[in-house]
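Note sheet for the following structure.
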Amino acid sequence: MLTAFARAFRTPDLRKKLLFTLAIIVVYRVGTHVPIPGVNYKNVQQCVREASGNQGLFGLVNMFSGGALLQITIFALGIMPYITASIILQLLTVVIPRLEALKKEGQAGTAKITQYTRYLTVALAILQGTGLVATARSGALFSSCSVANQIVPDQAIFTTITMVICMTAGTAVVMWLGELITDRGIGNGMSILMFISIAATFPSALWAIKKQGTLAGGWIEFGTVIAVGLIMVALVVFVEQAQRRIPVQYAKRMIGRRSYGGTSTYIPLKVNQAGVIPVIFASSLLYIPALVAQFAGGKSGWKTWVEQNLTKGDHPIYIVTYFLLIVFFAFFYVAISFNPEEVADNMKKYGGFIPGIRAGRPTAEYLSYVLNRITWPGSLYLGLIALVPTMALVGFGASQNFPFGGTSILIIVGVGLETVKQIESQLQQRNYEGFLR
């Protein structure tokens, strides 16, 4: 593997891509530490220290921004608006015929959808930036901090507009940096930036576990978490690579004197066909009632119930609701992202068939049957992985400090596998061995 890395850096064009990607990553990490105008940086740092390990409702968004959200920097929103916009456009493609037609137009249609995604990203950044500024001004961003109300000392409307513009511009720059990596670097740019954002929180989270530990100065807990993390990574790699291969045979066709077809291939149906999307959906949906309750005035019955049952990660109602939402969204996303009827029609059009299954409607029914069967273990696996931080809450007393679980480990492993595959494919194009022999 080390030899493969050395060969990658000895190849001029591949070395250029790797160095360009590293340079963009450095720029991105610098931006996550540049505060926006109108913020008292000293008070922010004090509140961040006091809130360490208890990020509350903003934990998920803060993780995606690499810790920049709670520090209110120019990249505070990170790539979350782009992720949300991409998911929304993907869902709207199913229900809006115009977007579905664009998707089928090939590269031109994809470019148009990408343009719509950019516009929606900027709109969501303005909305989320306004909400973040309002939250910081009210002191709700760090509810337990003694100087939470002094984070934004200037309450003028001009200062507020300037802060929102800076965060929106920061989101646009992050989107641009991600597209630069995709075009001129290695891997998918947005995925790489997401990977870096999450990985940047690992050292502080692991060290916090060591400091909170009581056995042998915290080293026993630290070593246990590392061991559990390695097991988790191995499990996630195993399941993410698992797939059910549906054999497909293409009939021979004679066109003139040439014979076409007659080949056999397969349709790879992954066990975790939905990826990390169901976890993000479930977290976002649970985030909404808790956020509404946080800003609601007074003390009403529904607000008290939400604060007691849907904001604490170790509460049984929260755990069950979170798990069921992940399972539901796993089936929902697979249903809208993989169309068995469309696959069956394409196979029939090009003379393909599944051995033992008639072409057309029986093929679509068979694909739906297989997809439902493998989605069950995939959805249960996602739910269990997402609940690992809750188990850590019981074992270590601070779920926010446990990095190996939930969305973070799924994204880290998924992006890592895809990036390694891209580097390996480029090495093999030059007759070099890949990372794995």
Side-chain angles (χ1 to χ4, degrees), residues 1 59-60 63-64 187-188 191-192 194-203 205-206 209-210 220-245 268-283 313-314 318-320 322-331 333-334 337 370-396 398-422 424 434-437:
M1 183 174 175
L60 178 68
M63 180 186 68
F64 279 121
N188 181 282
S191 299
I192 294 291
M194 195 188 310
F195 177 96
I196 295 302
S197 298
I198 297 172
T201 62
F202 273 35
L206 290 171
I209 289 176
K210 189 266 175 190
I220 301 255
E221 289 89 341
F222 182 82
T224 303
V225 170
I226 295 293
V228 171
L230 292 175
I231 295 173
M232 290 283 298
V233 169
L235 173 65
V236 172
V237 168
F238 177 76
V239 179
E240 290 296 319
Q241 298 287 76
Q243 56 183 226
R244 169 74 183 274
R245 296 181 175 182
L269 298 180
K270 295 181 65 176
V271 172
N272 182 21
Q273 191 86 357
V276 74
I277 300 297
V279 181
I280 297 177
F281 274 15
S283 302
D314 59 339
Y318 180 92
I319 294 173
V320 173
Y322 189 38
F323 184 83
L324 293 178
L325 282 175
I326 291 174
V327 173
F328 168 76
F329 281 123
F331 279 92
Y333 188 79
V334 168
S337 62
V370 174
L371 198 62
N372 287 333
R373 289 282 297 271
I374 66 173
T375 301
W376 270 113
S379 61
L380 296 176
Y381 145 81
L382 280 178
L384 292 175
I385 290 292
L387 291 178
V388 167
T390 303
M391 303 173 193
L393 177 63
V394 178
F396 300 101
S399 67
Q400 294 292 344
N401 279 339
F402 190 81
F404 299 107
T407 315
S408 59
I409 195 69
L410 292 170
I411 293 176
I412 287 284
V413 172
V415 176
L417 287 174
E418 288 301 319
T419 306
V420 166
K421 284 180 182 178
Q422 285 207 20
E424 186 172 2
F435 288 103
L436 302 176
R437 298 189 179 183

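FYI, side chains are in, hydrogens and waters are out, and symmetry mates aren't considered; it's all heavy atoms of this structure.
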Check Q241, E240, Q243 against N272 for a side-chain contact (heavy atoms from CB on, under 4.5 Å) and give me the one that passes. E240

At what distance, to the nearest 0.5 angstrom, does OG1 of T375 lie from OH of Y333? 13.0 Å

Which residue pairs satisfy the side chain to side chain donor-acceptor pair (under 3.5 Å) criterion with at least one member in residues 225-237, sequence neighbours excluded? none

Quick note, side chain to side chain donor-acceptor pair (under 3.5 Å) partners involving residues 226-238, not counting sequence neighbours, are none

Within the 4.5 Å heavy-atom criterion, are R244 and V370 side-chain neighbours or not? yes

Distance col, row L371:CG vs L269:CG, nearest 0.5 angstrom, shows 6.0 Å

So, taking the atom named OG in S197 and the one named CD1 in I192, what distance separates them when rounded to the nearest 0.5 Å? 11.0 Å

What pair of heavy atoms forms the shortest contact from A199 to P203, and how long is it? O-CD, 3.4 Å

How close do L382 and P278 get, heavy atom to heavy atom, and via which atoms? CD1-CG, 3.8 Å

Taking distance alone, no hydrogens or angles, what donor-acceptor pairs closer than 3.5 Å link side-chain atoms of residues 229-238 to residues at least two apart or in another chain?
none

Rounded to the nearest 0.5 Å, how far does CG of L417 lie from CD1 of I412? 11.5 Å

Just so I know, are the side chains of F323 and L380 near enough to count as touching, which here means a heavy-atom distance under 4.5 Å? yes

Gap between atom OG of S379 and atom CG of L384 - 0.5 Å precision: 9.5 Å

Heavy-atom pair of closest approach, residues Y381 and L410: OH-CD2, 3.3 Å

Beyond-backbone contact of V279 with Y322, side-chain heavy atoms, under 4.5 angstrom: yes

For the backbone of K270 and the side chain of Q273, can you confirm whether one donor and one acceptor N or O come within less than 3.5 Å of each other? yes

